[in-house]
Amino acid sequence: MDDVCFDIDKNGVVGFLGPNGAGKTTTMRIIAGALPYETGSVKVCGHEVKDAPLKIKSLIGYLPEQNPLYEEMYVKEYLLFIADVYKLGQYRNKIVDEMIDKVGLRAEFRKKIGQLSKGYRQRVGLAQALIHEPKVLILDEPTTGLDPNQLEEIRTLILELGKDRTVLLSTHIMQEVKALCNRVIIINKGKIAADFEDLSSIHSLNRDIFQVEVEFFKKPEAKDIENIPGVLKVNFLDETRLLIVASKDIRSDIFDFSVKQGNKILLMKLVEQEIEQVFRSLTAES
């Protein structure tokens, strides 16, 4: 890791993105107190992680990518065991029952964990991470391997959890980022490559590149569009609809072009950069 620095000071879901080997899991393990560090400072709710390991574990819920569960234990038995680890005392049974309902395990709680599907195992993992009501929830690839129905249910649950705590979410699924995250941090080769406080700021990442989508009444000639000053590339989306990449905002130039050509414009708009494009541009191998 190389001078990775970020602060999260409010509730919500923060996407923590990066290619394989970028340092996401290492960073999450360090924050959770599962991996020691020698230099730098890591604080959770004002507490230095290496100086207050037990306090940190009371503040954080952690679901690692490889969800470690005791497969021979029954779901409720396992959650009662976790409740005892956190010393929840006389309220342990009530808390476990509430958690079973919260994560949608009521239909499966009498089964052994080894009998559960991948989706339900993830729910058990979420339940153990949440059982002590942590202020910070760290989720490393929580939806990997889930079917579409399970994905939707887990995403809904994560959104709900982000209302009253901070959720740090690692994922490779860009649709998930757009659906869940208030903020996005991108890491590459052990360094912070970008930190977007909100997704609406992503389109301004490269202010020297403009993308304009245009639909003409009749198909124009690509070479005529390419001759417009500032045009870098022309992509036909269909017979009459184009995506034009330019070094400036060329909408007025396109309007003048259409008048000269006698070709009506049916649609014209600036196209903002998508998170997928930004991710690729920031993490591509040079």
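Keep in mind that what you see is a predicted model, and the values were worked out from it rather than measured.
Relative ring orientation between Phe6 and Phe16 is described as tilted, the plane-to-plane angle lying within the 30° to 60° band.
Checked for salt-bridge contact, Glu77 and Lys112 miss the test: no charged N lies under 4.0 Å from a carboxylate O. By the 4.0 Å N-to-carboxylate-O rule, Asp97 lies close enough to Lys76 to be salt-bridged with it. Taking a cutoff of 4.0 Å between a charged side-chain nitrogen and a carboxylate oxygen, Lys94 and Glu98 qualify as a salt bridge. By the 4.0 Å N-to-carboxylate-O rule, Glu108 lies too far from Arg123 to be salt-bridged with it.
The shortest distance between side-chain heavy atoms of Phe216 and Ile254 falls below 4.5 Å. Between Ile131 and Tyr86 the shortest side-chain heavy-atom distance falls below 4.5 Å.
For Lys102, the NZ atom counts as densely surrounded, since its 6.0 Å shell holds more than 12 non-hydrogen atoms of other residues, nucleotides or ligands. The 12-atom threshold is exceeded at OH of Tyr37, counting heavy atoms of other residues, nucleotides or ligands nearer than 6.0 Å. Around CZ of Arg29, the count of heavy atoms belonging to other residues, nucleotides or ligands within 6.0 Å does not exceed 12. The 12-atom threshold is not exceeded at CZ of Phe217, counting heavy atoms of other residues, nucleotides or ligands nearer than 6.0 Å. Remark: Lys43 NZ is loosely packed, at most 12 non-hydrogen atoms of other residues, nucleotides or ligands lying under 6.0 Å away.
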Next on the checklist: Does Glu48 form a side-chain hydrogen bond (donor to acceptor under 3.5 Å, both in side chains) with Ser41? I'd like the steps, not just the answer.
Outcome noted: CA-CA 7 Å; Glu48 184 71 35; Ser41 177; 2.6 Å; yes

Item to check | Pair Leu139-Leu168, side chain to side chain contact (heavy atoms under 4.5 Å, CB included): steps then yes or no | outcome: CA-CA 6 Å; Leu139 306 176; Leu168 185 62; over 6 Å; no

Checklist entry - Does the side chain to side chain contact (heavy atoms under 4.5 Å, CB included) test come out yes or no for Ile250 and Val231, once each step is laid out? => result CA-CA 8 Å; Ile250 58 167; Val231 171; 3.7 Å; yes

Next on the checklist: Set out, in order, the CA-CA distance, both residues' side-chain angles and the distance that settles side chain to side chain contact (heavy atoms under 4.5 Å, CB included) for Leu59 and Val136, then state yes or no.
Outcome noted: CA-CA 6 Å; Leu59 293 169; Val136 177; 5.7 Å; no

Item to check | salt bridge (Lys or Arg N to Asp or Glu O under 4.0 Å) evaluation trace for Glu226 with Lys233 | outcome: CA-CA 7 Å; Glu226 290 166 354; Lys233 188 176 181 181; over 6 Å; no

Next on the checklist: Walk me through whether Ile187 and Thr27 qualify under side chain to side chain contact (heavy atoms under 4.5 Å, CB included).
Outcome noted: CA-CA 10 Å; Ile187 186 172; Thr27 302; 4.0 Å; yes

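Pairs passing the ring pair (Phe, Tyr, Trp, His ring centres under 6.0 Å) check and including a residue from residues 133-189, sequence neighbours excluded, do not occur.
When every heavy atom of Val44 is checked against every heavy atom of Ile56, the shortest pair comes out as CB-CD1, 3.8 Å. Among all heavy-atom pairs drawn from Ala129 and Leu63, the shortest one is CB-N, 4.4 Å.
Note: Asp195 CG to Ile185 CD1 = 4.5 Å, rounded to the nearest 0.5 Å.
Cation-pi geometry between Arg251 and Phe255 is not met: the NZ or CZ atom fails to fall both under 6.0 Å from the ring centre and inside 45° of the normal.
Residues satisfying the side-chain hydrogen bond (donor to acceptor under 3.5 Å, both in side chains) criterion with Thr25, sequence neighbours excluded, are Asp140.
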